Amino acid sequence: MKTSSSSQALFPTTSTLCTPYLLLVPLGLLAAVVVLPSLGSSHVRSNGLGVLCPGLDTDGYTVASGAEKVVSTSAETTTSTAPQPEFRLLVGVLTTPKRYERRGIVRLAYALQPATPAYAQVDVRFVFCGVDDPVDRVLVSLEAARHGDILVLNCTENMNDGKTHEYFSSVPRLFADAPYDYVMKTDDDTYLRVAAMAEELRSKPRDDVYLGYGFEVGDDPMQFMHGMGYIVSWDIASWVSTNEDILRYNDTHGPEDLLFGKWLNIGKKGKNRYDLKPRMYDLNWNRDNFRPDTVAVHMIKDNRRWADAFRYFNVTAGIAPSSLYHLP
């Protein structure tokens with residue numbers, strides 16, 4: 001039959017087909033062993049955020065974590081489980097889109113600090129209002145893709161016209177699936193020593209906490225915390241985000257740190273208040289009042305002051321010698 005003959009023509013007998021091809025089997029196995037592992041061994045990988053993003057953590061910049069860490073390879077993902085942290089702190093650095101150089105310095109300030117103890121996880125985000133300039137939108141997008149540490153709020157850029165309220169209102173919603181224990185607001189002219197702050201927080205309650213540089217008003221020694229940097233527990237951030245009276249009375253316009261303290265005082269919140277003076281302070285005009293027990297130092301408004309801070313805290317002490325540079 002034609003069907004039979006056609007089948008024989010298209011599919012030769014086993015003896016004529018397999019003999020030469022069987023000789024290729026060892027070579028195929030050798031190729032699989034040598035070639036396939038190399039296809040996925042590149043150290044430069046794209047995580048869907050663009051080309052050549054090595055080691056990108058899309059969850060944001062993490063100073064240190066006692067939580068589970070995942071190490072990815074091309075062939076498989078291995079998970080090494082470390083002890084879970086006792087608490088998690090979100091640090092929001094309020095800044096503006098055009099301050100690229102300052103963000104670069106502040107990133108280094110966090111990245112080159114001593115490791116945070118395993119009992120704490122500290123995550124850092126740079127916080128803007130809307131990024132409207134077309135150039136800034138491109139450049140900030142690059143930062144977000146590379147560092148994963150950008151948080152853009154739904155507001156017009158400002159300092160004392162509601163940005164802090166928008167930040168504390170947004171955080172509980174944005175991180176509802178993985179709440180933090182504490183939320184910090186700080187500025188891009190503050191050098192925060194993360195391990196020192198973590199040590200301060202470890203023994204503190206996890207509820208109704210208001211901590212920072214206590215500012216005296218009248219007879220009250222801690223009417224509010226200085227805007228250089230203050231921390232509240234998650235329950236207070238959640239309370240701010242749902243308190244309609246703050247917006248109803250248009251109470252977000254003015255000095256943000258004083259207003260924040262006012263909200264808590266009226267609402268009888270933040271009963272666990274902690275004043276970290278003198279370990280939180282402003283750098284003076286002569287730049288000579290650094291303290292070895294510093295938690296945070298404020299008023300570092302130019303590169304010379306940042307260099308003084310790095311020098312005092314020996315940030316560059318561990319730099320490796322090299323023939324490619326000659327630095328003190």
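From a predicted model like this one, the values you see are computed outputs, not experimental measurements.
Separation of the Y191 and F313 ring centroids falls under the 6.0 Å cut-off. For an aromatic pair to be called close, the ring centres must be under 6.0 Å apart, and Y213 with Y281 fails this. Less than 6.0 angstrom separates the ring centroid of Y230 from the ring centroid of F260.
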- Task: Please step through side chain to side chain contact (heavy atoms under 4.5 Å, CB included) for the pair M280 and H226, ending with a clear verdict.
- Result: CA-CA 10 Å; M280 294 181 71; H226 194 293; over 6 Å; no
- Message: Evaluate D188 against R103 for salt bridge (charged side-chain N to carboxylate O under 4.0 Å, His left out), listing each step before the verdict.
- Response: CA-CA 7 Å; D188 65 5; R103 283 195 296 282; over 6 Å; no
- Apply the test side chain to side chain contact (heavy atoms under 4.5 Å, CB included) to residues V91 and M197: give CA-CA distance (whole Å), side-chain angles for both, the deciding distance (0.1 Å), then the verdict. CA-CA 11 Å; V91 178; M197 181 61 83; over 6 Å; no
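Residues satisfying the side-chain contact (heavy atoms from CB on, under 4.5 Å) criterion with K204, sequence neighbours excluded, are Y182, E200, L211, Y274. With sequence neighbours left out, the side-chain contact (heavy atoms from CB on, under 4.5 Å) criterion links D245 to N243, R248, Y249.
D149 has no carboxylate O lying under 4.0 Å from a charged side-chain N of R125, or vice versa, which leaves the two without a salt bridge. Contact check on K269 versus D208 returns no salt bridge, with no Lys/Arg side-chain nitrogen under 4.0 Å from an Asp/Glu carboxylate oxygen. Between K163 and E256 there is no salt bridge, since no side-chain N of the basic residue sits under 4.0 Å from a carboxylate O of the acidic one.
The two atoms that bring L192 and Q113 nearest to each other are O-NE2, 2.6 Å, heavy atoms only. When all heavy atoms of L89 and Y180 are compared, the pair lying nearest together is C-CD2, 3.6 Å. Here the closest heavy-atom approach between residue C129 and residue N158 is recorded as SG-ND2, 4.1 Å. Closest approach of N289 and D282 over heavy atoms only: ND2-O, 2.9 Å.
F175 is not listed as a side-chain neighbour of V183, based on a closest heavy-atom distance of 4.5 Å or more. Put simply, the side chain of F128 does not reach to within 4.5 Å of the side chain of K98, judged on heavy atoms.
The 12-atom threshold is not exceeded at CG of N154, counting heavy atoms of other residues, nucleotides or ligands nearer than 6.0 Å. Under a cut-off of 6.0 angstrom, the local environment of CZ in R137 is sparse, with at most 12 non-hydrogen atoms contributed by other residues, nucleotides or ligands. Around CD of E143, the count of heavy atoms belonging to other residues, nucleotides or ligands within 6.0 Å exceeds 12. More than 12 heavy atoms of other residues, nucleotides or ligands shown are found within 6.0 angstrom of CG on N286.
In this structure, R273 forms no cation-pi arrangement with Y210, as its terminal cationic atom is not both closer than 6.0 Å to the ring centre and no more than 45° off the ring axis.
Between F215 and F224, the ring planes lie parallel to each other; the angle is under 30°, not in the 30° to 60° tilted range.
Of the possible polar contacts, none joining the R102 side chain to the T95 backbone as a donor-acceptor pair under 3.5 Å is found. Side-chain atoms of D187 never come within 3.5 Å of backbone atoms of T190 as a donor-acceptor pair (strictly under, hydrogens ignored). Panel note: side chain W263, backbone D251; a donor-acceptor pair is recorded below 3.5 Å.
Summarising the geometry, atom OG belonging to S238 is positioned 12.0 Å from atom CZ belonging to R173; distances are rounded to the nearest 0.5 Å.
For residues 295-307, the set of pairs meeting the salt bridge (Lys or Arg N to Asp or Glu O under 4.0 Å) definition, not counting sequence neighbours, comprises D189-K301.
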